[in-house]
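What follows is a single structure, written as structure tokens, with notes after it.
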Amino acid sequence: MKEENTESLSARRPLGRLHVLTDEVLQSRWSHLELARLAAAGGADAVQYRDKRSLPADQRVLVARSLRRALPVGVQLLVNDHPEVALAI
């Protein structure tokens, strides 16, 4: 049985009750920014930026930064699959 590192688990921020993923491929009605704003207005505790397209890293960073600025304090922004983007914001 694998032992869990409880110290690192306790240091993690818990996810909120409403966690919304933004995606412009699975749906095309709203942009990442519009989805993030709607999610926050609807009470989301966390918004996850998800983009599986092949976009340049600098474009991903611009989107993620705009999401971070648009979200109110207390709403967590998560970045899916791109640690370099998460570090840049």
Side-chain angles (χ1 to χ4, degrees):
M1 185 168 157
K2 184 180 172 186
E3 241 182 79
E4 290 187 35
N5 181 346
T6 56
E7 186 176 317
S8 65
L9 289 176
S10 64
R12 291 183 190 166
R13 221 172 132 185
L15 290 178
R17 293 177 302 175
L18 178 57
H19 180 116
V20 176
L21 279 71
T22 68
D23 193 305
E24 293 181 348
V25 174
L26 295 176
Q27 66 78 40
S28 58
R29 185 172 179 182
W30 297 286
S31 69
H32 289 288
L33 186 57
E34 291 168 322
L35 285 169
R37 286 181 175 151
L38 289 168
D45 301 295
V47 173
Q48 183 170 336
Y49 169 42
R50 179 184 186 276
D51 200 329
K52 298 291 186 180
R53 297 174 293 184
S54 296
L55 300 175
D58 59 337
Q59 188 174 348
R60 288 183 196 280
V61 169
L62 287 174
V63 172
R65 285 183 177 155
S66 69
L67 294 176
R68 179 68 267 153
R69 285 190 301 270
L71 293 174
V73 172
V75 177
Q76 189 176 10
L77 175 63
L78 306 167
V79 177
N80 200 71
D81 296 331
H82 297 281
E84 72 282 0
V85 175
L87 290 171
I89 62 168

message: Strictly below 4.0 Å, N to O, side chains only: are E84 and R60 in salt-bridge contact?
response: no
- request: Flag yes if more than 12 heavy atoms outside R53 fall under 6.0 Å of its CZ atom; otherwise flag no.
  value: yes
query: Can you get from W30 to L33 by hopping between Ile, Leu, Val, Met, Phe, Trp and Tyr side chains that sit under 4.5 Å apart?
result: no
- request: Indicate, with yes or no, if V20 and L35 share a hydrophobic cluster defined by side-chain heavy-atom contacts under 4.5 Å among Ile, Leu, Val, Met, Phe, Trp and Tyr.
  value: no
task: Check which hydrophobic residues are tied to V25 through side-chain heavy-atom contacts below 4.5 Å, counting indirect links as well, and list them.
output: none
Over all heavy atoms of both residues, which pair between [X] and [Y] is shortest? Give the atoms and the distance, please.
{"X": "A44", "Y": "V75", "answer": "O-CG2, 3.5 Å"}
{"X": "A39", "Y": "V47", "answer": "CB-CG2, 4.0 Å"}
{"X": "G43", "Y": "L18", "answer": "C-CD2, 4.0 Å"}
{"X": "L71", "Y": "A36", "answer": "CD2-O, 3.7 Å"}
{"X": "L78", "Y": "A46", "answer": "CD1-CB, 4.5 Å"}

[atom1] of [X] to [atom2] of [Y]: how many Å apart, nearest 0.5 Å?
{"X": "D23", "Y": "Y49", "atom1": "CG", "atom2": "OH", "result": "10.0 Å"}
{"X": "S31", "Y": "R37", "atom1": "OG", "atom2": "CZ", "result": "8.0 Å"}
{"X": "E34", "Y": "T22", "atom1": "CD", "atom2": "OG1", "result": "11.5 Å"}
{"X": "L26", "Y": "L21", "atom1": "CG", "atom2": "CG", "result": "9.0 Å"}
{"X": "K52", "Y": "H82", "atom1": "NZ", "atom2": "NE2", "result": "7.0 Å"}
{"X": "Q48", "Y": "N80", "atom1": "CD", "atom2": "CG", "result": "4.5 Å"}

message: Using side-chain heavy atoms (C-beta onward) and a distance below 4.5 Å, is V63 in contact with D51?
response: no
- prompt: Is the side chain of R65 donor-acceptor paired with the backbone N or O of A88 at a distance under 3.5 Å, no angle test?
  reply: yes
- request: State whether the side chain of E24 and the backbone N or O of H32 hold a donor-acceptor pair below 3.5 Å, judged by distance alone.
  value: yes
